[in-house]
Amino acid sequence: MNIIIVGIGKIGETLVQDFVKENCNVTIIDTNENIVNSLVNKYDIKGVIGSGCEREVLENCEVSNADFFIASTSHDELNILCCVLAKNLGAKNTIARVRAPEYYSEIDNLKETLKLDLVFNPELEIAEEIQKILKFPSAVMVETFAKGKIILAEYNVTKNNPIVNSSIMEIIKKFKLKVLFALVKRGGKTFIPKGDFVIEEEDNIFIIAPEKEIANFTKKLNIYKQKARSVFIIGGGKVAYYLADILSKDEVSVKLIEKNAQRCEILSEELPNVTILQGDATDHNVLEEEDVSLSDAIVSLMGVDEENIVLSLFARSICNNKIITRIDKPALLDIAEKIGLDTVLSPRIAISNHILKYVRGKLGDHTSMVKSLYKIDEEIEALEFSINETFTKTNIPIKDLHIKEEVLIGGIFRNNEFILPKGDTCLSIGDRVIIVAKEQILELSKIFN
Amino acid sequence: MNYKAVINVLAKTMIIEAFFMFLSMCVGFYYGEQTFISFLIPIAILLAIGVPFAFLKYNSNNIRAKEGFVIVALVWIILSLFASFPFFIGGHIPNFFNAFFEATSGLTTTGATILNDIEALPKSILFWRSFTHWIGGMGVLVFILALIPSDNGAMHIFKAESPGPSVGKFVSKLKHTARILYSIYIALTILEIIALLIAGMGLYDSVVHSLATAGTGGFSVKQAGISYYNSVAIEVIITLFMFIFGVNFNVFYLILCGQVVKAIKSEEFITYLIVLLFAIIAIAINLLSVYNDFWTALRYSSFQVVSISSTTGFATADFNTWPVFSQIIIIFLMIMGACGGSTGGGVKVSRMLILGKSSYANFKNLTSPRQVLTIRLENEKLSNEIVNNVKNYIIFWAVILFIVTLMISIDSFYGADFFTHFSASLTCIGNVGPGFNGVGPMSNFANYSWFSKLILSFEMLIGRLEIFPMFILFSPRVWKGK
């Protein structure tokens with residue numbers, strides 16, 4: 001599959017990384033010679049130096065053979081222009097990164113007139129991701145399936161947790177849980193656990209269940225926290241704007257602090273239900289004055305990763321609330337986890353959801369459709385498929401389906417109900433199936449041996 | 001330094017070399033020769049070392065520029081060493097340094113020989129001798145890259161082995177690029193074999209000469225070289241293919257893609273063509289005093305000019321007897337060599353072009369200092385980095401040329417004058433083959449001492465790998481630290 005990516009920033013590089021892993025033919029275009037050269041040396045890709053809206057440059061990349069053309073420069077208008085040009089030159093699918101909120105009011109109209117196949121907005125994606133986590137503050141990470149009805153949540157197992165040193169089978173019996181243990185992360189490695197797998201201290205466990213059962217699970221483990229009712233956002237960039245907007249519409253009381261006075265005025269005008277504060281959040285006095293510890297959750301979304309880390313550490317020292325930190329530089333992610341910042345968000349999450357899902361959906365054999373896709377880490381993905389009429393392996397019990405070693409059926413959503421998969425459960429047409437896999441799965445029929 | 005990665009790639013190349021040797025052994029079987037042992041022993045050693053280490057696991061994310069250079073340099077030294085075993089073991093070339101020189105000369109596509117009586121050697125050994133040209137021409141690591149899925153750092157290996165100032169990919173995947181290169185290479189070689197067969201050369205001779213032309217090497221199976229056949233048709237065919245293999249393979253790729261106009265408009269291609277035409281005509285006119293008849297002069301002039309500039313080194317005439325004017329042109333052609341991205345050697349036409357353009361730009365800036373100049377090649381802006389690399393390369397190249405000339409000039413034998421030593425050094429660094437006077441097209445390198453042969457062997461490797469990999473291999477800085 002041929003993929004052209006224009007504009008190589010953090011998002012662009014993450015895309016390159018993902019697509020190279022999926023064994024695609026990737027060509028990158030950027031005006032910055034150094035960036036292109038360093039990536040060409042690092043990954044097995046072709047690099048072209050130039051502007052993505054130059055005909056000659058695009059023809060040089062054989063745009064007419066491109067299956068996907070992704071424009072991800074920092075300028076919305078340039079991205080759209082590149083896509084329009086690429087489409088005219090024969091690119092099959094065009095994907096543009098569009099970030100400005102004002103373009104989203106007429107986005108469907110825009111997509112149709114300009115023949116854009118997909119627009120993506122990393123900032124909005126991150127904001128939505130944060131909102132999910134704020135609904136379950138005791139989880140480290142939360143992903144949703146089946147239009148938000150089924151949840152995949154990551155929990156850190158602390159020392160006092162009653163499930164430490166018991167096997168999964170015992171835990172389920174003892175607490176009468178209706179959840180599925182999908183994954184266990186231990187010391188940098190990830191396992192798909194069997195029933196006799198013993199949970200240890202400091203493990204991160206991934207649970208799949210409907211919202212109600214997740215709440216039940218956390219209550220029994222004494223780690224239940226209510227949905228965040230008040231959120232303190234630090235920084236007033238695009239992510240902060242989207243997050244404040246979403247949260248305030250969801251009846252959450254939001255305080256937002258931003259240094260730049262002009263930006264504050266814009267925010268205050270655009271977000272009437274949000275308390276906008278003008279001040280330097282890196283000044284600890286300011287935070288204490290504004291009673292940051294009274295909020296259920298604190299979200300650091302400033303432009304500088306290091307400032308976010310320091311602020312989150314400070315916040316943790318003065319209160320015991322949910323703390324979410326945005327980190328863009330991949331190198332800082334590991335460090336942040338090591339020093340104990342539990343929930344860290346990186347741009348990877350923002351793009352994998354949307355673009356990979358879209359690309360996989362185009363590639364599949366159409367007996368099943370990818371509905372959602374989350375990259376849990378470099379290796380592991382969680383996917384949701386819907387089963388079409390053409391799918392053949394229906395009405396066979398799961399235990400007879402010969403599912404691959406590294407693949408787990410994490411849940412089935414049928415007639416608005418969650419079904420915990422057991423050996424004698426069968427798949428049927430119309431089901432939404434949640435898969436956790438250690439390899440890239442293009443379609444549901446690929447999980448069988 | 002990622003030692004495991006280096007060892008793994010080395011092991012893989014050893015297996016590939018064993019495979020190539022096996023093919024030569026089959027030629028021996030076909031002709032019923034007693035060369036079985038000469039091939040079997042090196043094959044056994046190569047496989048015994050190669051197979052276990054080829055399964056060594058390594059961290060593929062850690063192949064950086066440094067590892068790329070080291071891998072390429074080590075691979076070529078070890079490859080040359082083992083390539084000499086078939087010559088040495090059966091006693092076909094009894095002296096080890098002679099065998100090593102011959103093998104290195106083969107792999108680096110130089111074509112300089114120490115053999116006094118070529119026709120006395122078995123056919124399978126001569127086949128291996130020419131086959132090394134073919135293996136070395138496109139590069140054995142490129143061959144490996146075409147076979148196996150490439151790691152993240154493989155581009156560094158590809159860059160270090162492929163000749164030319166800036167190495168790029170045709171398509172996104174390195175593996176596919178390497179496959180395209182080898183497909184063009186194999187197709188052109190087969191085309192030449194067919195053409196030579198039609199022209200009346202025997203099957204064995206056409207195959208061996210085609211392999212030698214494809215790698216722009218120059219080993220012949222006849223003592224008298226191509227002049228043995230005394231056929232205008234064969235000379236024309238070989239001239240044409242020597243020219244073709246001296247052209248940047250990018251041009252053929254563009255032609256395959258149907259972009260013929262863009263291919264032919266390539267600046268490097270046009271320059272190469274113009275220089276060759278000029279040299280052929282100038283020498284032909286100059287040779288009227290030797291051959292009397294213009295067409296004879298043109299026949300010898302064109303073959304020699306294309307042979308030298310493509311750095312093949314076949315000969316149909318002894319240019320030692322030519323006028324000095326012609327000889328000077330030939331010296332210039334030896335320095336310039338073929339196009340970047342071809343199988344030929346020399347400094348490369350593209351480097352000459354870049355050097356010329358940047359010098360001209362600097363000259364312009366002397367008179368109008370405020371003028372902002374952009375140096376372009378093939379309609380693309382050349383970065384300062386590339387221009388500086390080219391200048392660096394030329395300086396290193398000249399220094400090595402003179403140091404080696406100095407080191408081998410200790411030897412004295414009949415006919416060894418300044419011109420002999422200088423041209424020996426020049427022909428080795430440019431991977432051409434013949435030099436002048438004592439090492440002229442009708443003589444050979446046998447008279448040099450074992451020490452000079454070793455020095456010249458390394459100079460050939462330096463020339464083939466374009467200097468830097470060999471220097472980096474022997475630089476202590478690379479090996480210090482982790």
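Both backbone and side-chain heavy atoms feed into the values below; hydrogens, waters and symmetry mates do not. Just so we're on the same page: letters track the sequence lines, and every chain starts at 1.
Judged purely by atom type and a 3.5 angstrom limit, A/D44 uses its side chain to pair as donor or acceptor with the backbone of B/L174. Judged purely by atom type and a 3.5 angstrom limit, B/K173 uses its side chain to pair as donor or acceptor with the backbone of A/C24.
In B/K4, the NZ atom is not crowded: 12 or fewer heavy atoms of neighbouring residues, nucleotides or ligands sit closer than 6.0 Å. Open room surrounds CZ on B/F19; 12 or fewer heavy atoms of other groups in view lie less than 6.0 Å from it. In this structure, A/E59 places its CD atom where more than 12 heavy-atom neighbours from other residues, nucleotides or ligands lie under 6.0 Å away. For A/E405, the CD atom is loosely surrounded, since the number of other residues' heavy atoms within 6.0 Å does not exceed 12. The number of heavy atoms from other shown groups lying within 6.0 Å of CZ (B/F53) does not exceed 12.
A distance of 8.0 Å separates CG in A/N23 from NZ in B/K175, rounded to the nearest 0.5 Å. Distance check: B/N384 CG to A/E33 CD gives 9.5 Å after rounding to the nearest 0.5 Å.
Of the two parts of A/N2, neither the backbone nor the side chain holds a non-hydrogen atom closer than 4.5 Å to a non-hydrogen atom of chain B. For B/F170, the part lying near chain A is the backbone, with the side chain staying farther off; criterion is any non-hydrogen pair under 4.5 Å. No part of A/C61 comes within reach of chain B, as not one of its non-hydrogen atoms sits under 4.5 angstrom from that chain.
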>> I'd like to know whether B/E380 forms a side chain to side chain contact (heavy atoms under 4.5 Å, CB included) with A/I49, so could you lay out the CA-CA distance, the side-chain angles of the two residues, the decisive distance to 0.1 Å, and finally the verdict.
In response: CA-CA 10 Å; B/E380 263 171 52; A/I49 298 156; over 6 Å; no

> For A/I45 and B/M155, what are the C-alpha separation, side-chain angles and deciding distance, and is it a side chain to side chain contact (heavy atoms under 4.5 Å, CB included)?
Replying inline: CA-CA 9 Å; A/I45 54 170; B/M155 190 62 194; over 6 Å; no

>> If you apply the rule side chain to side chain contact (heavy atoms under 4.5 Å, CB included), what do you find for B/T177 with A/K46, and how did you get there?
In response: CA-CA 10 Å; B/T177 304; A/K46 188 179 165 186; over 6 Å; no

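For the side-chain contact (heavy atoms from CB on, under 4.5 Å) with B/S172, the lone residue among A/I28, A/T27, A/I4, A/I3 that qualifies is A/T27.
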